[in-house]
Protein chains: 2
Amino acid sequence: MDERPGKITLVEVAERAGVSLGSASRAMNGQGASEAMIDRVRTAASELGYRPDASGRSLRMRQTKQIAFAVADIGNPVYVEMLSAIHEAVAPGGYRVVVMQTGETARSTADLVRTMSAGVIDAMILSPLRVDDDLLEALTSAPMPIVVIGRPLPEHGIDSVSTDSAVAVGLAVEHLLAIGRTRVGFVNGPLDTTPGAARQRGFGDAQQRHLPNNDAPVEIADDFTVAAGLTAAHALLSRSQRGNAPLDAIVAANDLLAIGVIRAARGLGIRVPEDLAVTGIDDTEIGSLFHPSITSVSLGSTERARMAAQIVLERIAPDTSRQTDVRQAHVGPTLIARESTGTPDPLLTALATTPSESDGTPQ
Amino acid sequence: MDERPGKITLVEVAERAGVSLGSASRAMNGQGASEAMIDRVRTAASELGYRPDASGRSLRMRQTKQIAFAVADIGNPVYVEMLSAIHEAVAPGGYRVVVMQTGETARSTADLVRTMSAGVIDAMILSPLRVDDDLLEALTSAPMPIVVIGRPLPEHGIDSVSTDSAVAVGLAVEHLLAIGRTRVGFVNGPLDTTPGAARQRGFGDAQQRHLPNNDAPVEIADDFTVAAGLTAAHALLSRSQRGNAPLDAIVAANDLLAIGVIRAARGLGIRVPEDLAVTGIDDTEIGSLFHPSITSVSLGSTERARMAAQIVLERIAPDTSRQTDVRQAHVGPTLIARESTGTPDPLLTALATTPSESDGTPQ
DNA sequence: TTGAAAGCGATACCAA
DNA sequence: TTGGTATCGCTTTCAA
């Protein structure tokens, strides 16, 4: 049962079946071979425990049937949701999705892109945190299709699926003002990242439009994680609470930061949303299930991921007519109000009126 | 700058440099070539925009420098933590980690293992949710090293890194009894999964030992997710609360389920931990940052992941003396008490006494 | 140190 | 339909 499963090649299968190498290949792929031939070869193959070798095949076929999804931080649930969407979009075509970590920097991202430019994968969907010229060079010179999620890059001829997270921050601010909050703070991620920069701009714009005193406190977290949000918010809040006009709302640059913000508020005895309303961005499931559930601006992550996958598939397809035109897709932001800004949670409301043997899986 | 980056091979580089193919190869790898040769070839290569092809190389070298980490659900943060640990362990050796989804079933997992048995990766670290004979066959007949995280399988000659999640459940129950709870319920994941079965057994044992009336209510969630935990707990709690002796504690089979349980409790107006103490398993960061922070039994995930990576590296190394002895590692569970069972949160306590310009990133 | 050539395992072409 | 053979891009002997 375990008889030396070393390395049986198609040559050996062909020998055992008493046919030529070519016939064996065709039989294994089930095309251009007679029933009898297929039978004989398949039998020999399974007797020998033959496993086709991917390197040999992809060397010849110039494809691996693998698509990479590369992100900075798999810990961010928004990427997990994107991954599912991508998987569902490409699986029917026989593609497998492999997840890769880009690392934090533009440099490490460029390294990854170059490494993967070697024919390991057929295409890549990339969500880079930081972009620089070197990365752009890596992207433009890569031999396989790459779609960037996160920021339009048409001037470089790079396909992208974008959203407008500056506008997203604006929506959050406007929502907070609409519910009567006036002292709004902002917890952002690093400003040298694409999302950090856009959201900073968005907050600046909103501030100028709606908060003319222009003194809204901002704190920059070390990264887009819960822990960083906790630290940043703790600093922001303890500073703010000492002043004469404590904050009554905080916009967090994503849901993970928002969780950290809420946690920090609790540590300081600040109630959410009563004393402090909090908003996130990304509309992740964990945010909707947090306590309090987090008001968040959806950036249509699932849809963007699906679109990116679609573009990738079209690029891979050999019969694509025009290779030249850059593909660009865009999804606008939407705010979903929840408990963290004082809106009763739709989830719990539904649950309360649902019979206990409900089979409706929420969300 | 963008001059048809089609497919430059080493042959063309060699031609341009006016040297032989072999010399070009040696020069690119920087061994067995003179300084002058290296210079010439490297120059020609960069002028041409040469990128070595992975298929050709791995066909010849029989290695890809890629290690797969295959899990059922990347959405579970415990796997993210494991991924980091694996990455750190193998990166120094020049290995890249790619993440793959096994899917829910033993069948889809076996499919993945077989597909990856084709030389796409050098080794695999696998955490299967369900194991059957077919999967065992796929594992034993795979040509590359595979380490299973989750359950010892020495009788099949499969390397594994295990823990004892039955004991983990026992620890949780004992903790709840120690804080004075008497009516303990259990929210588990599917019983036909490895962790589900073990934890069910663990709860049964604990019940027999500590809760002799033997009527502890159990609810099986559809999977190990927050949403499933929410649904299951809602059913369990609304059933329980109607009775004469409502539950005062629930053991959840992992942190995700625990989050769902707490959420369901809130929906029914049940306070945690005052009315209901809740424990999780896995000790994930998100659980420690949830509100209330979740008492959880650590299964040493990070350490197990590190061990798995270590074993994999040793198996890959060509000079491993004995290929025969099955490697087995084990990590025991530890309970970490937090707010969800009435223990003041160490994190918030620390934060409260920390000056606001603290740079100490928690956890 | 360098060049020439063999081969890794598969597919695909061209005859038969 | 089948057999024989060239070929994918690279590394690695073996001689020179």
Side-chain angles (χ1 to χ4, degrees), chain A residues 5-42 44-45 48-66 94 115-122 143-144 318, chain B residues 5-42 44-45 48-65 115-122 143-144 318:
Chain A
K7 34 188 64 203
I8 288 95
T9 76
L10 198 50
V11 177
E12 291 155 283
V13 174
E15 276 173 5
R16 170 148 186 145
V19 302
S20 78
L21 173 59
S23 299
S25 173
R26 284 177 294 239
M28 289 307 292
N29 296 322
Q31 345 186 331
S34 63
E35 281 296 320
M37 175 65 80
I38 293 183
D39 250 28
R40 262 169 80 186
V41 174
R42 293 262 168 96
L48 261 42
Y50 167 70
R51 299 220 180 287
D53 180 90
S55 312
R57 169 178 292 159
S58 55
L59 175 59
R60 185 63 227 236
M61 308 239 286
R62 318 222 54 74
Q63 60 158 337
T64 61
K65 283 289 180 180
Q66 296 206 56
T115 305
M116 301 324 280
S117 293
V120 186
I121 52 172
D122 293 344
M144 75 286 193
Chain B
K7 33 188 65 199
I8 288 95
T9 75
L10 199 50
V11 176
E12 291 155 284
V13 174
E15 276 172 5
R16 170 149 187 142
V19 302
S20 79
L21 173 60
S23 299
S25 172
R26 285 177 292 243
M28 289 306 293
N29 296 324
Q31 350 187 328
S34 63
E35 282 295 321
M37 175 66 80
I38 293 184
D39 250 28
R40 263 169 80 185
V41 173
R42 293 262 169 95
L48 261 40
Y50 168 70
R51 300 219 180 288
D53 180 271
S55 314
R57 167 178 289 158
S58 57
L59 175 58
R60 184 63 223 234
M61 307 239 286
R62 318 222 55 73
Q63 60 158 337
T64 61
K65 284 287 180 182
T115 305
M116 301 324 281
S117 293
V120 186
I121 53 171
D122 293 344
M144 76 286 193

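Side chains are part of it too, since the values below use all heavy atoms of this structure and drop only hydrogens, waters and symmetry mates. Numbered from 1 within each chain, the chains take letters A, B, ... in sequence-line order.
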Undergrad: On DNA chain D, which is the earliest and which the latest nucleotide, 5' to 3', with an atom closer than 4.0 Å to a heavy atom of chain B?
TA: D:dG9 to D:dT13

Undergrad: Calculate the interatomic distance between A:Glu12 atom CD and C:dC8 atom C1'; express it in whole Å.
TA: 13 Å

Undergrad: Could you go through A:Asp53 and B:Leu59, starting from their C-alpha distance and side-chain angles, then the distance that decides it, and tell me whether this counts as side-chain contact (heavy atoms from CB on, under 4.5 Å)?
TA: CA-CA 9 Å; A:Asp53 180 90; B:Leu59 175 58; 4.3 Å; yes

Undergrad: Output the rounded distance in Å from CG (A:Asp53) to P (C:dC8).
TA: 12 Å

Undergrad: Between B:Asn29 (CG) and C:dT2 (P), how many Å, whole number?
TA: 14 Å

Undergrad: Which comes earlier along DNA chain C counting from the 5' end, the contact point of B:Gly22 or that of B:Leu59, where each point is its nearest nucleotide?
TA: B:Gly22

Undergrad: Any base atoms under 4.0 Å from A:Ser25, or only sugar-phosphate, or nothing? Heavy atoms, all strands.
TA: base

Undergrad: A:Ser58 side chain N/O closer than 4.0 Å to the phosphate oxygens (OP1, OP2) of C:dA10?
TA: no

Undergrad: Mark yes or no for whether A:Arg40, through its side chain, and A:Ala17, through its backbone, hold a donor-acceptor pair below 3.5 Å.
TA: yes

Undergrad: If you only use heavy atoms from C-beta on, which nucleotide in C:dT11, C:dG9, C:dT2 is closest to the side chain of A:Met61?
TA: C:dT11

Undergrad: How far does OG1 of A:Thr64 sit from CD1 of A:Ile121, to the nearest 0.5 angstrom?
TA: 7.0 Å

Undergrad: Between B:Lys7 and A:Arg62, is any pair of side-chain heavy atoms under 4.5 Å apart?
TA: yes

Undergrad: Could you walk me through whether A:Ser25 and A:Leu10 satisfy the side-chain contact (heavy atoms from CB on, under 4.5 Å) test, starting with their C-alpha distance in whole Å, then the side-chain angles of each, then the deciding distance to 0.1 Å, before giving a yes or no?
TA: CA-CA 7 Å; A:Ser25 173; A:Leu10 198 50; 3.7 Å; yes

Undergrad: NZ of A:Lys7 versus C1' of C:dG7: gap in Å, rounded?
TA: 13 Å

Undergrad: So does B:Arg26 reach the base of C:dG3 with its side chain, donor to acceptor, closer than 3.5 Å?
TA: yes

Undergrad: Under 4.0 angstrom, heavy atoms only, what part of the nucleic acid is B:Gly32 near: base, sugar-phosphate, or nothing?
TA: base

Undergrad: Side chain of B:Ser20, heavy atoms from C-beta onward: which of C:dG3, C:dC13, C:dG9 has the nearest atom to it?
TA: C:dG3

Undergrad: Over how many whole Å does the gap from A:Leu21 atom CG to C:dA10 atom C1' extend?
TA: 8 Å

Undergrad: From CZ of A:Arg51 over to P of C:dA10, roughly how many Å is that when rounded to an integer?
TA: 12 Å

Undergrad: Between C:dC8 atom P and B:Gln63 atom CD, what is the distance in whole Å?
TA: 17 Å

Undergrad: Hey, does B:Arg57 have a side-chain heavy atom less than 4.5 Å from the side chain of B:Pro52?
TA: yes

Undergrad: Between B:Ala33 and B:Arg62, who's closer to the 5' end of DNA chain C by nearest nucleotide?
TA: B:Ala33

Undergrad: Could you report the tightest heavy-atom contact between A:Gly94 and A:Lys65, atom names first, then the distance?
TA: O-CD, 3.7 Å

Undergrad: Rounding to a whole Å, what distance do you find between B:Glu35:CD and C:dT2:P?
TA: 11 Å

Undergrad: Pick base, sugar-phosphate or nothing for A:Val19, based on heavy-atom distances below 4.0 Å to the nucleic acid.
TA: sugar-phosphate

